[in-house]
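Heads up: the structure comes next, in structure tokens.
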Amino acid sequence: MRKPDEEPIGLLLTRTAKVVSRAFDEALTEAGGSLPAWLVLVSLEGQAHGAQREIAEAVGVEGPTLTHHLNRMEAAGLVTRRRDPENRRAHRVELTDAGEATFRRLVQTVAAFDARLRAGFSDRELAALRGLLDRLHTNIAGPDRVEAS
């Protein structure tokens, strides 16, 4: 039970998430990236080609939103798109050499940001935090519902 003078955990979590999210966005921007570009790069890095629909699902956005991000990334020379020869209605997305280089640069930024978040926590505390966050997620989403993280 919450103490009357204690901030509700949902509000504390929301405020903390906003601060962390803004700081992560700023770190990516300073490194010449963005959160949408990072999510697309991560999705593509593990595979040589990706169907646009699959990338949208992995990133957690709708198709038109992904198309907007891919247009900017293609204009910047980070990705190329081509029609899927097996399904002419679908597009395949590939990283360019510049996209690979951007991924390598941003992965260093992401690792540094993660280290900043972990500062002052022991491995045991981090494991406990993960468990608590997982429990909060389950409390809201339910045990059988998987949502994009």
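Any value given below was found using the heavy atoms of this structure, including those in side chains, with hydrogens, waters and symmetry copies removed. By convention here, the first residue in the shown sequence is residue 1.
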Show me, pair by pair, the donor-acceptor contacts under 3.5 angstrom made by side chains of residues 9-25, not counting sequence neighbours?
from	atom 1	to	atom 2	distance (Å)
Thr14	OG1	Gly10	O	2.8
Arg15	NH1	Glu7	OE2	3.0
Thr16	OG1	Leu12	O	2.8

Task: Side chains of Thr80 and Glu74, donor plus acceptor under 3.5 Å - done: no
TODO: Give a yes-or-no answer on whether the side chains of Arg81 and Asn71 include a donor-acceptor pair shorter than 3.5 Å.
DONE: yes
Open item on the list: Taking CG in Asn87 as the centre, count heavy atoms belonging to other residues, nucleotides or ligands within less than 6.0 Å. Is the count above 12?
Closed with: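 More than 12 heavy atoms, drawn from other residues, nucleotides or ligands, come within 6.0 Å of this atom.
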Task: Over 12 non-hydrogen atoms of neighbours within 6.0 angstrom of CG in Asn139 - done: yes
Interatomic spacing from [atom1] in [X] to [atom2] in [Y] - rounded to 0.5 Å:
X      : Y      : atom1 : atom2 : result
Arg92  : Glu86  : CZ    : CD    : 8.0 Å
Ser34  : Met73  : OG    : CE    : 7.0 Å
His137 : Leu132 : NE2   : CG    : 14.5 Å
Thr109 : Arg104 : OG1   : CZ    : 13.5 Å

TODO: Using the test side chain to side chain contact (heavy atoms under 4.5 Å, CB included), find all partners of Ala76 that sit at least two apart in sequence or belong to another chain.
DONE: Leu78
Taking all non-hydrogen atoms of both residues into account, name the closest pair between [X] and [Y] and its distance.
X      : Y      : value
Ser43  : Ala58  : OG-CB, 3.8 Å
Leu95  : Glu100 : CD1-OE2, 3.7 Å
Arg105 : Gly32  : NH2-O, 3.8 Å

Open item on the list: With heavy-atom distances below 4.5 Å as the criterion, would you say the side chains of Val59 and Val40 are in contact?
Closed with: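 Counting from C-beta outward, Val59 and Val40 do come under 4.5 Å.
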- [ ] Please tell me if the side chains of Trp38 and Val107 come closer than 4.5 Å, counting only heavy atoms from C-beta onward.
- [x]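 In contact.
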Check side chain to side chain donor-acceptor pair (under 3.5 Å) between [X] and all other residues, then give those that pass, not counting sequence neighbours.
X      : value
Arg53  : none
Arg72  : His69
Asp114 : Arg118
Thr138 : none

Task: Cluster overlap Leu117 with Leu126, hydrophobic side-chain contacts below 4.5 Å - done: no
Open item on the list: If the threshold is 4.0 Å, N to carboxylate O, is there a salt bridge linking Glu94 and Arg82?
Closed with: yes
Task: From CA spacing to verdict: side chain to side chain contact (heavy atoms under 4.5 Å, CB included), Leu28, Val110 - done: CA-CA 8 Å; Leu28 289 171; Val110 170; 4.1 Å; yes
Open item on the list: Please check: side-chain N/O of Glu125 versus main-chain N/O of Ser122, any donor-acceptor pairing under 3.5 Å?
Closed with: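 Such a contact is found between Glu125 side chain and Ser122 backbone.
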